[in-house]
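Numbered from 1 within each chain, the chains take letters A, B, ... in sequence-line order. Not measured: the values here are computed from a predicted model.
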Protein chains: 2
Amino acid sequence: MSDGVGYCEIRKIEKIDAEEFDGISRILNAIGNRTRIAMLAVISKYREVCACELQPALGMPQPTITTHLHKMYDVGILKRKEVGKFSYYSINPRFEGIVNDILRGRAETMSV
Amino acid sequence: MSDGVGYCEIRKIEKIDAEEFDGISRILNAIGNRTRIAMLAVISKYREVCACELQPALGMPQPTITTHLHKMYDVGILKRKEVGKFSYYSINPRFEGIVNDILRGRAETMSV
DNA sequence: GTGTCATATTAATATGTAGCGATATGAGAA
DNA sequence: TTCTCATATCGCTACATATTAATATGACAC
């Protein structure tokens, strides 16, 4: 150490504000849950699904389904179409790319 | 309703097991945190950084830095090289693609 | 050996989230 | 209107996570 900075001084790395990544982290966080990825898999396959269809497909009670769908809708991953008492969800086209990458595994690169 | 199934019957959707997506969800979950994305931004820019360099760059105490780095290391996102008392982290090449997509914003598609 | 410094671990608190039963809302049918 | 059913919200438990001070480990220099 040579000038009193107190850290190893291989390089001067400029400060970075984590808040800058708040938006993207909330999106990834909304995707990063196995139940919600399973939902995305179903929605991706059928293009558009009724919330009530996911209930038997995932074997989870209705409030759980609704909560997860809302979480993804809130950050823009899902679109919603309401017809009478039914709600149909589809993947927001802006996210189709990354969702498909994730579902396909983007296999070689991401599977563990 | 016509056959006693008890749900809206637009289609028969096969059951899906959320556990199948456990691996990928843990990875996305490890990325989906603003502090860790900020770390990935620094590591991506400098290719390889010492843990002690991240401390001043992010303005967080050492245990916080270590915890986050470990979380990403544990799921394979980061590689680690230990030299003496220093630990150098870099992005596992298998994840460079998706990390860059995320950092670049894959902008049009993912920013909110 | 001792001292220093980078890193890891521990322990504690605070916050967030998953899951789901119970209940409320709201739309359509009768 | 009343009934039914899909959806939304509430409330609670259980668990996971972020954060950080304190402490331990481990490497190097002396």
- prompt: Just one of B/Asn29, B/Asn33, B/Ile37 clears the side-chain contact (heavy atoms from CB on, under 4.5 Å) bar with A/Leu28, so which one?
  reply: B/Ile37
- request: Using side-chain contact (heavy atoms from CB on, under 4.5 Å) as the criterion, point out the one residue from A/Ile77, A/Ile91, A/Asp101 that pairs with A/Glu96.
  value: A/Ile91
Check nucleotides 13-17 of chain D for protein N or O atoms closer than 3.5 Å to its own N or O atoms and list the pairs.
none

- prompt: Among C/dT7, D/dT19, D/dT7, which nucleotide sits nearest the side chain of B/Ser87?
  reply: C/dT7
task: Measure from the side-chain heavy atoms of B/Thr66 and tell me the nearest of C/dT7, D/dA6, C/dG19.
output: C/dT7
The criterion is side-chain contact (heavy atoms from CB on, under 4.5 Å); which residues satisfy it with [X], sequence neighbours excluded?
X       : value
B/Ala41 : A/Ile16, A/Phe21, B/Leu103
B/Lys81 : B/Glu48, B/Val83, B/Tyr88
A/Asn92 : A/Lys79, A/Arg94, A/Phe95
A/Pro63 : A/Pro61

Does [N] have OP1 or OP2 under 4.0 Å away from a side-chain N or O of [X]?
X       : N      : value
A/Thr67 : C/dG19 : no
A/Thr64 : C/dC20 : yes
A/Arg80 : D/dA8  : yes
B/His68 : D/dT19 : yes

Once you round it to whole Å, what is the distance between [atom2] of [N] and [atom1] of [X]?
X       : N      : atom1 : atom2 : value
B/Phe86 : C/dT4  : CZ    : C1'   : 11 Å
B/Arg26 : C/dA18 : CZ    : P     : 17 Å
B/Glu82 : C/dA6  : CD    : C1'   : 11 Å
B/Asp22 : C/dA18 : CG    : C1'   : 14 Å
B/Leu78 : C/dA8  : CG    : P     : 12 Å
B/Tyr73 : C/dT7  : OH    : C1'   : 14 Å
B/Gln55 : D/dA21 : CD    : P     : 11 Å
A/Glu53 : D/dC5  : CD    : P     : 17 Å

query: Quick one: what's the B/S/- string for nucleotides 22-30 of chain C, heavy-atom cutoff under 4.0 Å, read 5' to 3'?
result: B----SS--
field: Set of salt bridge (Lys or Arg N to Asp or Glu O under 4.0 Å) partners for A/Lys45, sequence neighbours left out
entry: B/Glu14
query: Sequence neighbours excluded, which residues qualify as side chain to side chain donor-acceptor pair (under 3.5 Å) partners of A/Glu20?
result: none
- line: Applied to residues 28-37 of chain A, the salt bridge (charged side-chain N to carboxylate O under 4.0 Å, His left out) test, sequence neighbours excluded, yields A/Arg34-B/Asp22
